[in-house]
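Presented below is the structure to which this report refers.
Numbered from 1 within each chain, the chains take letters A, B, ... in sequence-line order.
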2 protein chains.
Amino acid sequence: MRARFTLADIQQHALAIVDRDGLAGLTMRSLAASLQTGPMTLYNYVDSREALEELVVDAVSALVEMPEPTDDWVADTRAVATALWRTFRAHPAAIPLVLTRRTSSRASLAPAEALAAALARGGLDGVDLFVAFRTVSAFVMGIAQAELAGRLSREEDAGSAAQRVAALAPDALPTLSKLAPVGAAFTGQEFERGLTVVLNGLVHTPRPFDSSDQASGLS
Amino acid sequence: MRARFTLADIQQHALAIVDRDGLAGLTMRSLAASLQTGPMTLYNYVDSREALEELVVDAVSALVEMPEPTDDWVADTRAVATALWRTFRAHPAAIPLVLTRRTSSRASLAPAEALAAALARGGLDGVDLFVAFRTVSAFVMGIAQAELAGRLSREEDAGSAAQRVAALAPDALPTLSKLAPVGAAFTGQEFERGLTVVLNGLVHTPRPFDSSDQASGLS
DNA sequence: ACCTGAACACCGTTCAAGT
DNA sequence: ACCTGAACACCGTTCAAGT
């Protein structure tokens, strides 16, 4: 019998389930039901649940709309990071998978290549390029998890973090107590502004990068 | 009958299981066996598996060795971030929980307060303080996941990422192909150097932070 | 009140049998 | 070769019964 499904079918249905029901909603059984077949049929296409999750990561990665390079490497770096951010925002429940599951597919490495290429156009290479790549990646992944995945999966409103902090002794957490209402009111621009900070760091860190070249707080 | 266990007992055993057997090794049943009791006994101390995982996050957070404040806010910010990094490095299997599970315990908010306080000592407040806090947090969390959790849970050696990339068409991934061997050879200093980039960004971004104040790539 | 065994409704996956 | 039902070894948790 010929193959009933394509890998793309499976990816599409799996991502749809994650988007609709969350990560816990995706099981071999629920995916099989979505494809109108039995659970064991999936094992003709996928080795394991782990492999299925990597397929979801590939599907999400393929949705990143890569920008065209320009002559401004900082703007290009920002554009790639923003493209990743937009994709994560559209599929927040999949973020933990993207952070956790390692893939080597073309789809998942294409955004990484675009990011590395933009940084290389800024004259970074060798260890400096590696550090810059890891730093921008870590920022994008970390803020996506904190800002997008946390909130949605837990059905938190914007003010709940503030309430949680307020419930504790404010004397022991004076700075967080002041910060919490700001965070509740100010949503959706952390990414852009935080990315500006990271990019300014890339521009203003002497090369080669070296942690002994620490900027003084008095400058 | 009096309580046989304390919450600290449960936290200690749970974290020990995660450290030894990984996240998948921690189940209500394995934890109960470790405590020499039945699975249902745990429900006298913990509402659910989710709550148990939050307890593990608290246990990890409590291990962060908070530095004393000095008169240098940049050094203090670095010290708090580094303390977090050291704790994550000692318990890499727990990192996905720390990234994913939200807690409001004193233990887990203490490092956050220390970080926010260090940034506030640098003159940051309001939205700028919030952005700076999120940015440093995102960098620490993101790089911990990428550098520590990924490698250990998958038993990857340092060169496997390079091999994966090399296995693909290098023509399509020219920058990553050059970058992969660098990453394989250069391990363990991404955090320090990346953190320097982020801190330099904080120092060199005009206040109030605004993404229109983007540094030019020509500076 | 605190404890806990039996049982239920799941889950991923092995195995063996179908076509 | 590709498909797939039955069954196995798990899992978190409800329920009810113990002390």
Side-chain angles (χ1 to χ4, degrees), chain A residues 1-59 93-94 96-97 100-103 153-155, chain B residues 1-59 93-94 96-97 100-103 153-155:
Chain A
M1 192 183 281
R2 279 193 56 250
R4 296 175 52 194
F5 307 110
T6 66
L7 239 45
D9 289 333
I10 291 175
Q11 288 177 309
Q12 190 176 336
H13 278 82
L15 182 54
I17 292 171
V18 171
D19 286 341
R20 182 173 9 97
D21 304 325
L23 215 42
L26 177 66
T27 69
M28 299 302 266
R29 285 166 155 92
S30 73
L31 176 57
S34 172
L35 290 164
Q36 306 204 54
T37 185
M40 289 320 298
T41 301
L42 298 175
Y43 285 87
N44 292 303
Y45 300 88
V46 155
D47 279 339
S48 62
R49 155 123 228 221
E50 183 85 355
L52 171 63
E53 291 179 341
E54 291 181 8
L55 232 45
V56 173
V57 174
D58 290 349
L97 291 185
T100 290
R101 303 298 182 249
R102 289 283 169 83
T103 326
S153 71
R154 247 146 265 282
E155 297 168 9
Chain B
M1 192 183 278
R2 279 192 57 251
R4 295 176 52 194
F5 308 109
T6 65
L7 237 46
D9 290 333
I10 291 175
Q11 287 178 309
Q12 191 176 335
H13 278 80
L15 182 54
I17 291 171
V18 170
D19 286 341
R20 181 172 11 96
D21 304 324
L23 214 43
L26 177 66
T27 68
M28 300 302 267
R29 284 166 157 91
S30 72
L31 176 57
S34 173
L35 290 163
Q36 306 204 54
T37 185
M40 289 319 300
T41 302
L42 298 175
Y43 285 87
N44 292 303
Y45 300 88
V46 154
D47 279 339
S48 64
R49 156 125 226 220
E50 182 85 356
L52 171 63
E53 292 179 341
E54 291 181 9
L55 233 44
V56 174
V57 174
D58 289 349
L97 291 186
T100 288
R101 304 297 182 246
R102 289 284 169 81
T103 327
S153 71
R154 247 145 266 282
E155 296 167 10

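- Residues B:Ser30 and B:Asp21 form no side-chain contact, since every pair of their non-hydrogen atoms from C-beta on lies 4.5 Å or further apart.
- In this structure the side chain of A:Leu35 never reaches within 4.5 angstrom of the side chain of A:Thr41, judged on heavy atoms.
- Following rounding to the nearest Å, B:Asp47 (CG) and D:dT14 (C1') show an atom-to-atom distance of 14 Å.
- As rounded to whole Å, 13 Å separates atom P of C:dC11 from atom CG of A:Leu42.
- If you measure from atom CD of A:Glu50 to atom C1' of C:dG12, you get 12 Å, rounded to the nearest angstrom.
- The side chain of B:Met40 has D:dT13 as its nearest neighbour among C:dC3, D:dC3, D:dT13.
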So B:Asp58 and B:Leu7, side-chain contact (heavy atoms from CB on, under 4.5 Å) or not? Walk me through it.
CA-CA 11 Å; B:Asp58 289 349; B:Leu7 237 46; over 6 Å; no
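- Closest contact between the side chain of B:Arg49 and the listed nucleotides C:dG12, D:dG5, D:dT13 involves D:dT13.
- Contact of the A:Pro96 side chain with the A:Leu23 side chain is registered, since non-hydrogen atoms from C-beta on lie closer than 4.5 Å.
- Stem regions for DNA chain C, each three or more consecutive Watson-Crick or G-U pairs with both distances under 3.5 Å and listed by first number, read C:4-8 with D:12-16, C:12-16 with D:4-8.
- At C:dT4, one or more side-chain N or O atoms of B:Thr37 fall inside 4.0 Å of OP1 or OP2 (strictly under the cut-off).
- The distance between atom CG of A:Leu52 and atom P of C:dG12, rounded to the nearest whole Å, is 9 Å.
- Taking every heavy atom of residues 21-36 of chain B and every atom of DNA chain D, pairs under 4.0 Å involve B:Thr27, B:Met28, B:Arg29, by number.
- Between the CZ atom of B:Arg101 and the CD atom of B:Glu50 there is a distance of 4.5 Å, given to the nearest 0.5 Å.
- Distance from the side chain of B:Ser48 is smallest to D:dT13 among D:dT13, C:dC3, D:dC3.
- The side chain of A:Thr41 sits closest to D:dT4 out of D:dT4, C:dT13, D:dT13.
- B:Asn44 has a side-chain polar atom (N or O) that falls below the 4.0 Å cut-off from OP1 or OP2 of C:dC3.
- Taking atom CZ of A:Phe5 as the reference point, atom P of D:dC2 lies 15 Å away to the nearest angstrom.
- The side chain of B:Tyr43 places no N or O atom within less than 4.0 Å of a non-bridging phosphate oxygen (OP1 or OP2) of C:dC3.
- Considering all non-hydrogen atoms of both residues, B:Val46 and B:Leu52 come closest at CG1-N, 3.6 Å.
- Every side chain to side chain contact (heavy atoms under 4.5 Å, CB included) that B:Arg29 has, sequence neighbours left out, goes to B:Thr27, B:Pro39.
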Could you walk me through whether A:Leu55 and A:Tyr45 pass side-chain contact (heavy atoms from CB on, under 4.5 Å), step by step?
CA-CA 11 Å; A:Leu55 232 45; A:Tyr45 300 88; over 6 Å; no
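- Using a 4.5 Å cut-off on side-chain heavy atoms (C-beta onward), B:Gln11 and B:Thr6 make no contact.
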